[in-house]
Number of protein chains: 2
Amino acid sequence: MGERRSGTRERIQTVAVELFAEHGYDKTSLRQIAERLDVTKAALYYHFNTKEDIVVSLFDDLLAGIDEIVTWGTDQPQTVETRQELLRRYGRLTRERPKNMMRFIQESKTTMQELAPGEKLQCRFRTLSAMLHAPDASLAEQLKSTLALITAGASVFMLKDADATDDERYDAGLELALELVSGEPGPTPRKTAQSTAR
Amino acid sequence: MGERRSGTRERIQTVAVELFAEHGYDKTSLRQIAERLDVTKAALYYHFNTKEDIVVSLFDDLLAGIDEIVTWGTDQPQTVETRQELLRRYGRLTRERPKNMMRFIQESKTTMQELAPGEKLQCRFRTLSAMLHAPDASLAEQLKSTLALITAGASVFMLKDADATDDERYDAGLELALELVSGEPGPTPRKTAQSTAR
DNA sequence: GTCTATAAGGTGATAGAC
DNA sequence: GTCTATCACCTTATAGAC
């Protein structure tokens with residue numbers, strides 16, 4: 001909406017998400033961001049009031065996209081098809097973002113928890129995850145939903161040492177995600193885990 | 001191995017892993033650790049030479065346990081049963097550690113990557129993951145292996161908002177993990193994800 | 001929009017007394 | 001084993017010139 005400046009703001013966001021994903025939010029200083037952009041720290045403060053504002057701007061973007069998906073899903077019948085479509089839309093959403101955005105989010109949960117919109121994001125993840133199973137679902141099904149969401153959004157870098165293109169990684173993740181919410185009983189593992197309590 | 005001091009070293013480790021899991025490694029200062037133990041920062045330096053040494057001591061402990069599992073698995077036939085037993089042993093290993101240890105590791109990958117033994121740990125994870133599928137496995141199977149490992153070790157806090165005991169969470173995770181490496185074709189999702197390349 | 005200069009504060013770490 | 005006191009360093013953030 002109306003971004004016709006020199007584009008420095010966007011360049012800051014791009015560089016920031018790269019560094020955040022690589023070194024984490026805390027270990028990335030404004031000095032590093034500024035240096036990579038070949039400007040001074042002070043210049044960053046013209047575009048963002050605080051360091052936190054940078055990461056917030058990144059989250060807000062994703063947040064809006066997820067909200068849209070949740071809103072769509074709320075009006076749909078609670079079927080396997082709806083759930084699979086939710087995963088497809090979520091996968092597409094993550095794929096449209098800068099490549100390291102999801103990696104940053106997935107691998108920096110502790111950082112996110114302490115940021116206001118990060119908490120909001122995690123809340124949406126829970127909402128979305130809950131939409132992938134029945135309200136009275138078993139623990140196993142709840143777990144499958146959570147894994148499906150992670151897989152749909154993060155398979156690209158979960159398979160990063162595999163010999164494949166990003167598209168192939170993405171497709172493999174989405175396919176597994178769809179399978180996880182398909183509600184099939186699975187191979188019914190023959191009496192496996194008895195509670196090895198401690 | 002001969003830990004008959006006042007136990008302060010162990011108390012430091014316990015408190016540290018709690019704080020690291022909650023706020024992340026970087027955002028946890030030695031001051032915070034010292035305050036919760038009711039000692040001064042300087043006292044910590046008697047037990048650990050650096051802040052990094054604290055986290056390293058935690059990693060090393062896990063590392064030894066994983067090495068043991070890998071060694072065992074190397075001598076076994078590459079069957080589904082072996083893979084399931086690998087997951088059971090890995091699950092048991094994570095369960096024996098302080099409760100927040102796996103959460104810390106899972107949610108602070110970026111921190112780990114920059115620490116020497118953290119990198120070693122991630123290397124073992126890759127090794128273990130590779131032992132859960134055939135050398136020529138498809139992308140889908142590789143992804144299932146990775147997810148199985150994550151599920152076996154982290155289901156307890158992935159389901160933390162579910163209404164269940166930790167034992168139940170753990171069992172659900174292990175069961176799903178076993179299922180993921182059982183090699184069944186799954187519900188063969190009817191032509192789902194076509195490459196939505198960008 | 002970007003700069004220089006600087007403030008204010010927290011950090012990991014060390015020296016040396018007890 | 002733990003303390004007080006202190007160090008050098010780096011951080012986020014601001015003020016004001018250009």
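Just so it is clear: chains get the letters A, B, ... in the order the sequence lines come, proteins before strands, and each one is counted from 1. A quick note: this is a predicted structure, and the numbers were derived from the prediction, not measured.
Side chain of A:E141 to backbone of A:S138: a donor-acceptor contact under 3.5 angstrom is found. At least one donor-acceptor pair closer than 3.5 Å links the side chain of B:K51 to the backbone N or O of B:T28.
With sequence neighbours excluded, the residues forming a side-chain contact (heavy atoms from CB on, under 4.5 Å) with A:T165 are A:D167, A:E168, listed by chain and number. By the side-chain contact (heavy atoms from CB on, under 4.5 Å) test, B:R31 is found to be paired with B:S29, B:E35, B:K41, residues two or more places apart in sequence or in another chain being considered.
As a whole-Å value, the separation of B:E35 CD from D:dT2 P is 17 Å. With rounding to whole Å, A:I33 atom CD1 is found 11 Å from D:dA13 atom P. Between the CG atom of B:L44 and the P atom of D:dT2 there is a distance of 9 Å, rounded to whole Å.
Inter-axis angle, ends of the helix from C:dG1-D:dC18 to C:dC18-D:dG1, five pairs per end, rounded to 10 degrees: 10°.
Two residues are said to be in side-chain contact when any heavy atoms from C-beta on lie closer than 4.5 Å; B:E18 and B:T14 meet this criterion. Considering only heavy atoms from C-beta on, B:L128 stays 4.5 Å or farther from B:L132 through its side chain.
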Report each atom pair, protein N/O against N/O of nucleotides 10-13 of chain C, whose distance is under 3.5 angstrom.
| from | atom 1 | to | atom 2 | distance (Å) |
| --- | --- | --- | --- | --- |
| C:dT11 | OP1 | B:S29 | OG | 3.3 |
| C:dT11 | OP2 | B:R31 | NE | 3.0 |
| C:dG12 | OP1 | B:K51 | NZ | 3.0 |
| C:dG12 | OP2 | B:L30 | N | 3.0 |
| C:dG12 | N7 | B:K41 | NZ | 3.3 |
| C:dA13 | OP2 | B:Y45 | OH | 3.0 |
| C:dA13 | OP2 | B:K51 | N | 2.8 |
| C:dA13 | O5' | B:Y45 | OH | 3.3 |
| C:dA13 | N6 | B:K41 | NZ | 3.1 |

List the atom pairs, with distances to 0.1 Å, where a side-chain N or O of residues 146-163 of chain B and a protein N or O form a donor-acceptor pair under 3.5 Å, not counting sequence neighbours.
| from | atom 1 | to | atom 2 | distance (Å) |
| --- | --- | --- | --- | --- |
| B:T146 | OG1 | B:S129 | OG | 3.4 |
| B:T146 | OG1 | B:Q142 | O | 3.2 |
| B:T151 | OG1 | B:L147 | O | 2.7 |
| B:S155 | OG | B:T151 | O | 3.4 |
| B:S155 | OG | B:R169 | O | 3.1 |

Donor-acceptor list for residues 101-122 of chain A side chains, cut-off 3.5 Å, not counting sequence neighbours:
| from | atom 1 | to | atom 2 | distance (Å) |
| --- | --- | --- | --- | --- |
| A:S108 | OG | A:F104 | O | 3.0 |
| A:E114 | OE2 | B:H23 | ND1 | 2.7 |

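For B:T8 and D:dT2, the shortest distance from a side-chain N or O to OP1 or OP2 is below 4.0 Å. For C:dG1, the OP1/OP2 oxygens have a side-chain nitrogen or oxygen of A:Y46 closer than 4.0 Å. Side-chain N/O atoms of A:T40 include none lying less than 4.0 angstrom from OP1 or OP2 on C:dG1.
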